[in-house]
Amino acid sequence: MNFFKETDVVVIGGGVTGAAILRELSKYDLKCLLVEKEPDLSLGTTKANSAILHAGFDAPTGSKKALTNVRGNAMYHEIQEDLDLDIKWCGSMVAATTDEEAETLKELLARGTENGVPGLKILSKEEVLKEEPNLTSVIAALWAPTAGVCWPFGAAIAFAECALQNGAEIVRDCAVTGFVKEDGKIVGVQTDKGAISAKYVINAAGVYADEIAKLAGDDSFTIKPRKGEYILFDKTACTDLVYGIIFPTPTKTSKGILVCTTTHGNTFIGPNAKDVTSKEDTSITSEGMNEIVNSARKLIPNLPMGQAITGFAGLRAVSSTGDFIIGASEVEGLYNAAGIQSPGLTAAPAIAEDIVNEIVAKAGFAKKTNFNGKLPKTAKFTHMTESEKEAKIKENDLYGRVICRCETITEGEIVAAIKAPCGARTVDGVKRRTRAGMGRCQAGFCGPRVTQIIARELGIDVTEVLKEEQGSEMFFHKLGAEGDK
Ligand SMILES: Cc1cc2nc3c(=O)[nH]c(=O)nc-3n(C[C@H](O)[C@H](O)[C@H](O)COP(=O)(O)OP(=O)(O)OC[C@H]3O[C@@H](n4cnc5c(N)ncnc54)[C@H](O)[C@@H]3O)c2cc1C
């Protein structure tokens with residue numbers, strides 16, 4: 001068998017789980033590589049979720065979800081500075097609007113305390129209104145001070161960048177199509193780019209994790225997609241709508257439709273929960289939008305619906321076991337990080353630690369002495385003082401050209417995002433790294449300019465630049481080119 005890459009460990013899937021695992025692996029003396037089928041990381045569930053670093057009172061005590069949630073939350077507090085992560089530690093409230101719901105808050109408090117969540121307490125109506133004056137219909141709330149809201153794609157990319165700076169490799173546009181086995185043991189993966197050797201393979205393929213496991217001979221679980229839709233508001237419309245994270249009292253299938261203000265000041269509402277048949281169905285529906293609005297209005301009656309700028313949807317990877325599936329499969333050499341639905345974003349660093357510890361205990365890989373866990377800080381033009389801006393423009397005049405007018409993102413920041421070790425290659429890749437295109441016009445103005453910058457920096461033609469996945473070219477051909485005459 002000819003292998004185009006030789007490794008010790010292959011990670012399948014470049015969402016937050018796979019990226020966190022790659023970083024954890026890069027702390028050890030081994031060759032590790034992540035394969036992602038899409039042109040960029042974070043295009044699966046990591047792209048569309050509530051972005052909340054949950055405190056950890058939701059999941060049943062003792063479940064993998066609960067254990068990794070509480071540990072993962074604490075780990076984000078520790079690594080935020082080193083990885084330059086964009087996180088607002090605003091705390092969360094579960095809001096009760098009826099006496100029955102107020103009773104449920106006591107159950108959540110008891111479960112959270114058993115799960116080891118620090119600082120939980122029930123707030124009275126007056127205490128709630130002091131923090132969130134628009135929650136007029138709320139009679140009590142469960143306060144969780146350790147919760148926060150993060151920039152989820154930024155977290156995945158930061159994990160990946162950290163892994164790369166410690167010797168890991170990432171191959172994008174590379175789909176795993178099978179496994180290479182010898183005497184029933186995995187010795188590599190087959191991809192659409194060729195075979196890669198590996199002693200251990202970690203399956204972090206999101207909603208496709210059951211199909212990947214099956215390819216290796218493990219059919220012990222299935223994953224069903226459950227869609228959640230959202231509406232995002234322009235930030236000028238919601239400066240004082242809600243400060244932090246407001247959940248309704250949860251139901252059996254979902255934490256409910258929440259209202260939250262992101263790290264960048266946009267309020268969003270969602271998600272609903274709808275089982276779907278396709279693992280690619282991230283469409284938004286008018287029924288879904290109505291459901292979200294009607295539900296969110298119970299918490300915030302005065303939602304600025306005229307200021308909604310976009311809708312989006314993500315797919316939860318609901319496992320047949322009801323819990324996260326983390327660890328060795330029955331197939332030798334395969335390890336699953338599967339069924340990672342919410343709170344998977346929060347749990348990612350803890351899941352990574354658990355799965356890598358299990359492999360290290362078996363394989364005996366030694367810890368590196370020179371692991372560098374600190375990423376260089378990214379220059380964010382809007383956060384700079386006037387004199388810092390002047391100095392930055394003097395150093396590099398591309399910081400003097402604003403490309404995204406809604407979010408004030410400069411050409412300097414876009415070029416830096418393209419040139420980074422896990423650099424952006426698509427228009428939405430630039431958006432997720434810099435926020436160019438995230439504003440009110442949703443890339444209507446800056447999209448074509450970002451396309452030109454990507455083409456120039458990557459040395460490709462503008463007709464080759466993708467918006468997101470393969471087949472999403474920004475331009476089909478140039479006017480005036482042969483055939484237009
Ligand atoms: C509506 C919603 C709300 C949520 N809210 C929260 C929240 O507030 N807080 C929280 O903690 N969690 C939340 N979650 C959960 C969280 O988003 C997920 O747990 C997390 O993003 C899962 O990451 P992942 O890396 O496991 O999967 P993904 O992000 O889906 O990544 C899997 C990757 O595998 C790749 N892949 C698949 N097949 C192949 C193949 N054959 N070859 C190569 N690559 C492949 C995919 O392209 C994808 O990039 C929410 C989820 C949803 C849907």
Side-chain angles (χ1 to χ4, degrees), residues 10-22 34-56 58-59 65 68-69 72-73 76 92 147-150 152-153 155-156 159-160 170-179 189-193 196 201-213 215 223 225-230 245 247 254-255 257-258 260 268 270-274 276 279-280 282 288 292 312-319 324-326 336-352 469:
V10 161
V11 182
I12 306 172
V16 70
T17 310
I21 291 171
L22 193 70
L34 182 149
V35 280
E36 167 53 55
K37 69 179 169 64
E38 301 294 342
D40 199 2
L41 305 190
S42 293
L43 292 202
T45 303
T46 303
K47 179 166 89 166
N49 53 63
S50 306
I52 292 164
L53 299 178
H54 291 286
D58 289 296
K65 281 184 187 170
T68 53
N69 180 347
N73 178 294
Y76 275 103
S92 68
V149 56
C150 76
F153 354 95
F159 286 133
I170 295 177
V171 186
R172 294 182 248 179
D173 269 327
C174 183
V176 170
T177 53
F179 284 79
V189 291
Q190 190 64 51
T191 77
D192 55 6
K193 281 196 158 98
I196 303 171
V201 177
I202 304 176
N203 169 17
V207 287
Y208 291 100
D210 56 342
E211 293 170 39
I212 291 289
L215 285 176
I223 304 286
R226 181 175 296 153
K227 185 159 71 170
E229 296 165 89
Y230 294 90
I245 306 158
F247 299 104
S254 158
K255 293 181 190 80
I257 288 160
L258 59 100
C260 175
F268 65 88
N272 55 353
K274 188 165 182 245
V276 289
K279 292 182 176 181
E280 296 294 320
T282 51
I292 296 168
F312 59 93
L315 297 176
R316 302 168 181 89
V318 181
S319 80
F324 290 165
I325 300 162
I326 308 169
N336 291 310
I340 310 298
Q341 60 181 108
S342 190
L345 172 63
T346 318
I351 294 172
E469 66 284 318

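We count ligands from 1, going down the list as the structure has it; atoms in each ligand are counted the same way. Owing to the predicted nature of the structure, the values given are computational and were not obtained by experimental measurement.
Atom 24 (P) of ligand 1 has its closest protein heavy atom at T17 OG1, 3.2 Å. In this structure, atom 40 (C) of ligand 1 lies nearest to the protein heavy atom V176 N, 3.7 Å. Taking atom 38 (N) of ligand 1 as the reference point, the nearest protein heavy-atom neighbour is K37 CE, 3.6 Å. Looking at atom 34 (O) of ligand 1, its nearest protein heavy atom turns out to be G13 CA, 3.2 Å. Of the protein's non-hydrogen atoms, T46 OG1, 3.3 Å is the one closest to atom 23 (O) of ligand 1. Summary of contacts: the protein heavy atom closest to atom 50 (C) of ligand 1 is N49 CB, 3.4 Å. Looking only at heavy atoms of the protein, atom 11 (O) of ligand 1 is closest to T346 OG1, 2.7 Å. From the protein, the heavy atom lying nearest to atom 48 (C) of ligand 1 is E36 OE1, 3.4 Å.
Considering backbone and side-chain atoms alike, A48 places every N or O at 3.5 Å or more from each N or O of ligand 1. On a distance-only criterion, I12 and ligand 1 share no N/O pair closer than 3.5 Å. At least one N/O-N/O distance between L345 and ligand 1 falls below 3.5 Å. Residue T45 has at least one N or O atom closer than 3.5 Å to an N or O atom of ligand 1. Not one N or O of P271 is nearer than 3.5 Å to an N or O of ligand 1, by distance alone. Taking only nitrogen or oxygen atoms, main chain and side chain alike, I52 reaches within less than 3.5 Å of ligand 1. For the pair S42 and ligand 1, the shortest N or O to N or O distance does not fall below 3.5 Å. Of the polar atoms of Y230, none of the N or O atoms is found under 3.5 Å from an N or O of ligand 1, judged by distance alone. Checked by distance only, ligand 1 and R226 stay at 3.5 Å or farther apart across all their nitrogen or oxygen atoms. Annotation: A347 places no N or O atom under 3.5 Å from an N or O atom of ligand 1; distance criterion only.
Residues C174 and K37 have side chains not in contact (no heavy-atom distance under 4.5 Å, counting atoms from C-beta outward). Using a 4.5 Å cut-off on side-chain heavy atoms (C-beta onward), V35 and V10 make contact. The shortest distance between side-chain heavy atoms of F153 and V16 does not fall below 4.5 Å. With a 4.5 Å cut-off on side-chain heavy atoms, I52 and F247 count as touching. Looking at heavy atoms from C-beta onward, P39 lies out of side-chain contact with R172 at the 4.5 angstrom threshold. Side-chain contact between K193 and T191 is present, with at least one heavy-atom pair separated by less than 4.5 Å.
Near V35, meaning under 4.0 Å from one of its heavy atoms, ligand 1 places the atoms 43 (C), 44 (N). Counting atoms of ligand 1 from 1 in the listed order, those under 4.0 Å from a heavy atom of I212 are 41 (N). Listed by number with element, the atoms of ligand 1 under 4.0 angstrom from any heavy atom of E38 are 47 (O). Atoms of ligand 1 lying under 4.0 Å from any heavy atom of G314, numbered from 1 in the order shown and given with element: 53 (C). Applying the 4.0 Å criterion to heavy atoms of I340 picks out, from ligand 1, the atoms 18 (C), 19 (O), 22 (C), 26 (O). In summary, the atoms of ligand 1 found under 4.0 Å from a heavy atom of P343, numbered by their order in the structure, are 10 (C), 11 (O), 12 (N). Per-residue contacts place G206 under 4.0 angstrom from the following atoms of ligand 1 (heavy atoms of the residue considered): 27 (O), 30 (O), 32 (C). Atoms of ligand 1 found under 4.0 Å from any heavy atom of Q341 (numbered from 1 in listed order, with element): 15 (C), 19 (O).
For the pair E229 and K274, the salt-bridge criterion is not met [side-chain N within less than 4.0 Å of a carboxylate O].
Using a 4.0 angstrom heavy-atom cutoff, C174 counts as in contact with ligand 1.
Minimum interatomic distance between L315 and K279 (heavy atoms only, all atoms of both residues): CD1-O, 3.2 Å. Across all non-hydrogen atoms, the minimal contact from I325 to S319 is CD1-CB, 3.9 Å. For the residue pair R226 and A273, the shortest heavy atom distance occurs at CD-CB, 4.0 Å. Closest of all the heavy-atom pairs between P349 and G72 is CG-O, 4.1 Å. Closest approach of N73 to L53, counting heavy atoms only: ND2-O, 3.3 Å. I245 and C260 make their closest contact through CG1-SG, 3.8 Å (heavy atoms, listed as atom of the first residue, atom of the second, distance).
The aromatic rings of Y230 and F268 lie perpendicular to each other, with more than 60° between the two planes, well past the 30° mark.
Every residue two or more places apart in sequence or in another chain that forms a side chain to side chain contact (heavy atoms under 4.5 Å, CB included) with S342 is listed here: H54, K255.
Using a distance-only test at 3.5 Å, with no hydrogens or angles considered, no donor-acceptor pair links the side chain of K65 to the main chain of Q341.
Rounding to the nearest 0.5 angstrom, the gap separating the OG1 atom in T282 from the NZ atom in K47 is 6.0 Å.
Compare G18, A204, G44 by their heavy atoms: the one nearest to atom 32 (C) of ligand 1 is in A204. Here the shortest heavy-atom distance to atom 6 (C) of ligand 1, taken over S342, A348, G339, belongs to S342. Looking at G72, C260, A273, A205 and measuring to atom 37 (C) of ligand 1, the nearest heavy atom belongs to A205.
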